[in-house]
There are 2 protein chains.
Amino acid sequence: MKKTAVVLPMVSLRTTPNSVMETQERIVDILKKNSLSVTDSRKKILRYFLESDGALAHADIEHQSGTEFDRVTIYRTLQTFVDKGIIHTIPTADNAVRYALCKDDCYAGHHHDDHVHFMCDQCGTTYCLDHITVPGISLPAGFKAQQTDLVVSGICSKCNN
Amino acid sequence: MKKTAVVLPMVSLRTTPNSVMETQERIVDILKKNSLSVTDSRKKILRYFLESDGALAHADIEHQSGTEFDRVTIYRTLQTFVDKGIIHTIPTADNAVRYALCKDDCYAGHHHDDHVHFMCDQCGTTYCLDHITVPGISLPAGFKAQQTDLVVSGICSKCNN
DNA sequence: AATATTTTGCAACATTGTTGCATTGCATTA
DNA sequence: TAATGCAATGCAACAATGTTGCAAAATATT
Ligand SMILES: [Mn+2]
Ligand SMILES: [Mn+2]
Ligand SMILES: [Zn+2]
Ligand SMILES: [Zn+2]
């Protein structure tokens with residue numbers, strides 16, 4: 001139950017109006033819009049997310065980056081991105097938390113990741129099904145829902161042949 | 001997969017027909033019905049689940065049991081129970097997998113835990129909402145669902161005053 | 001009771017995550 | 001652009017979690 005609640009004004013994340021930005025520019029853009037100083041580690045880690053179609057676990061980033069930066073830096077960077085609403089976590093039952101980019105309407109302290117996630121049992125890829133929203137669940141009396149996480153597992157379209 | 005066909009409707013693991021069994025008897029009963037040898041560790045760990053109203057994490061069991069048995073034994077026992085369909089895992093976003101008793105229609109290799117789970121943000125208790133089933137989710141073309149995990153978090157009825 | 005089979009404890013190791021602190025790098029202002 | 005203040009990083013040390021092989025102990029079977 002450790003939750004850093006930094007409240008900042010709502011800012012948009014992934015897209016910038018009126019231009020097709022280069023990835024590198026978009027990366028810097030996202031960091032600056034979230035009042036984060038632009039460092040090598042943050043740029044690299046954010047790039048991994050932008051260039052990946054699936055979610056990433058800490059270990060994925062650690063393996064991809066090799067010795068480029070410290071493990072601790074990855075942990076701290078991921079936490080910072082979550083706090084700012086740049087990425088969100090995806091619950092799993094396999095002790096490997098995954099992270100994925102948030103959509104525009106997420107901001108510091110307030111995530112809007114009410115979409116369905118899909119984990120492929122075969123290739124292991126975790127997808128954000130951004131356009132499939134989580135249905136409302138009617139709970140027993142006295143229970144108050146704060147957030148709903150829905151993860152479907154099975155075979156993804158790439159593996160399904 | 002030899003499952004003894006229980007005729008009575010919806011018999012749960014916690015009760016046995018035609019008698020009010022002592023907990024100890026019920027524990028031995030469950031183990032034997034799953035072709036598991038009856039050992040001290042298994043009896044104790046199963047008892048924790050029977051006497052708990054919420055789900056348990058590995059650490060919960062480790063702390064409760066003290067030095068009674070080895071950590072490794074707990075890991076192996078939990079895995080055995082999952083394999084046999086006695087307990088099921090509950091996915092979380094905090095890297096602390098929890099386990100809860102399965103209902104009767106779970107057996108080795110085939111879980112039927114298609115019910116909603118609830119995690120209280122305040123007291124940390126994880127509930128199985130056995131009577132609330134997970135709604136079907138229509139996926140994009142090519143995706144095939146195998147299992148759906150739905151976890152609601154918020155405030156539970158005990159904490160909600 | 002003797003034997004065959006499983007389970008357990010232990011040790012050793014691997015992976016994952018956290019914290020404090022000195023050093024480095026970034027951003028701001030002069 | 002250079003100086004300065006603050007934030008981020010690397011490193012070390014540690015804690016927590018999870019895995020494996022193997023000998024000893026417990027359980028089930030005969
Ligand atoms: Mn997502
Ligand atoms: Mn359950
Ligand atoms: Zn796949
Ligand atoms: Zn509660």
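So you know, we letter chains A, B, ... as the sequences are listed, proteins then strands, and number each from 1. Values below: every heavy atom of this structure, side chains too, minus hydrogens, waters and symmetry copies.
The interatomic distance linking Leu31(A) (CG) with dA7(D) (P) rounds to 17 Å, in whole Å. We find that OH of Tyr75(B) is positioned 17 Å from P of dG21(D), with the value rounded to whole Å. Atom P of nucleotide dT20(D) and atom CD1 of Ile74(B) are separated by 18 Å, given to the nearest angstrom. Rounded to whole angstrom, the span from the CG atom of Asp70(A) across to the C1' atom of dT18(C) amounts to 12 Å. To the nearest angstrom, P of dT16(C) lies 12 Å from OH of Tyr99(A). One interatomic measurement links the two molecules: NZ of Lys84(A) to C1' of dA7(D), which rounds to 12 Å at whole-angstrom precision. Taking atom CZ of Arg98(A) as the reference point, atom P of dT16(C) lies 11 Å away to the nearest angstrom. Protein atom CG of Asp94(A) is 11 Å distant from nucleotide atom P of dT16(C), rounded to whole Å.
Across dC10(C), dT7(C), dT8(C), the shortest atom-to-atom separation from the side chain of Thr77(B) is found for dT8(C). Side-chain proximity of Val72(A) to the nucleotides dA28(D), dT19(C), dG9(C) is greatest for dT19(C).
Between atom CD1 of residue Ile30(A) and atom CD of residue Glu25(A) there is a gap of 12.0 Å, rounded to the nearest 0.5 Å. Considering CZ of Phe143(B) and CD1 of Ile132(A), their distance stands at 8.5 Å, rounded to 0.5 Å.
Contact between the side-chain N/O atoms of Arg71(A) and the OP1/OP2 oxygens of dT16(C) is not found at any separation under 4.0 Å. Checking the phosphate oxygens (OP1, OP2) of dT9(D), a side-chain nitrogen or oxygen of Thr39(A) falls inside 4.0 Å.
No hydrogens or angles were tested; on distance alone, a donor-acceptor pair under 3.5 Å links the side chain of Arg76(A) to the base of dG10(D).
Residue Tyr127(B) comes nearest to Lys158(B) through the heavy atom pair OH-CD, 4.0 Å, listed as atom of the first residue, atom of the second, then distance.
Within 4.0 Å (heavy atoms only), Thr80(A) reaches no atom of the nucleic acid at all.
Taking a 6.0 Å sphere around NZ of Lys32(B), one finds it holds 12 or fewer heavy atoms contributed by other residues, nucleotides or ligands. More than 12 heavy atoms of other residues, nucleotides or ligands sit less than 6.0 Å from atom NZ of Lys43(B).
Comparing His58(B) and Ser37(B) by the nucleotide of DNA chain D whose heavy atom lies nearest to each, the residue mapping closer to the 5' end is His58(B). Looking at which nucleotide of DNA chain D each of Glu68(A) and Val97(B) is closest to, the 5′-most match is held by Glu68(A).
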